[in-house]
Amino acid sequence: MEPLLFALTHRLAHLQGELDDLLKRWPAHSVKPELIMLREELEEEIAKIKAQIARII
């Protein structure tokens with residue numbers, strides 16, 4: 001596996017773990033704006049990395 005692909009897959013796994021952890025702590029009601037922003041940032045970064053991986057493969 002080439003180094004860039006390895007780094008991207010490692011970063012993707014890390015971000016996905018962060019998102020999974022965030023969603024486990026997600027409250028049923030009254031979600032704070034900071035949590036919404038963090039979720040959106042994680043989802044955007046995950047999408048970017050997936051697109052980069054797709055271009056490499």
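- Atom CD of Glu45 is separated from atom NZ of Lys50 by 12.5 Å, given to the nearest 0.5 angstrom.
- Note that CZ of Arg55 is 12.5 Å distant from CG of Leu5, once rounded to the nearest 0.5 Å.
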What's the verdict on side chain to side chain contact (heavy atoms under 4.5 Å, CB included) for Glu34 and Leu38, showing C-alpha distance, side-chain angles and the deciding distance? CA-CA 6 Å; Glu34 305 88 51; Leu38 179 57; over 6 Å; no
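- For the atom pair CZ of Arg11 and CD1 of Ile46, the computed distance is 9.5 Å after rounding to the nearest 0.5 Å.
- Trp26 and Leu35 make their closest contact through CZ3-O, 3.6 Å (heavy atoms, listed as atom of the first residue, atom of the second, distance).
- The distance from the CD1 atom of Ile56 to the CG atom of Leu4 is 4.0 Å, given to the nearest 0.5 Å.
- Among His14, Arg39, Lys24, the one residue that satisfies the side chain to side chain contact (heavy atoms under 4.5 Å, CB included) test with Leu19 is Arg39.
- Going from atom CG of Leu15 over to atom NE2 of His10 covers 10.0 Å, rounded to the nearest 0.5 Å.
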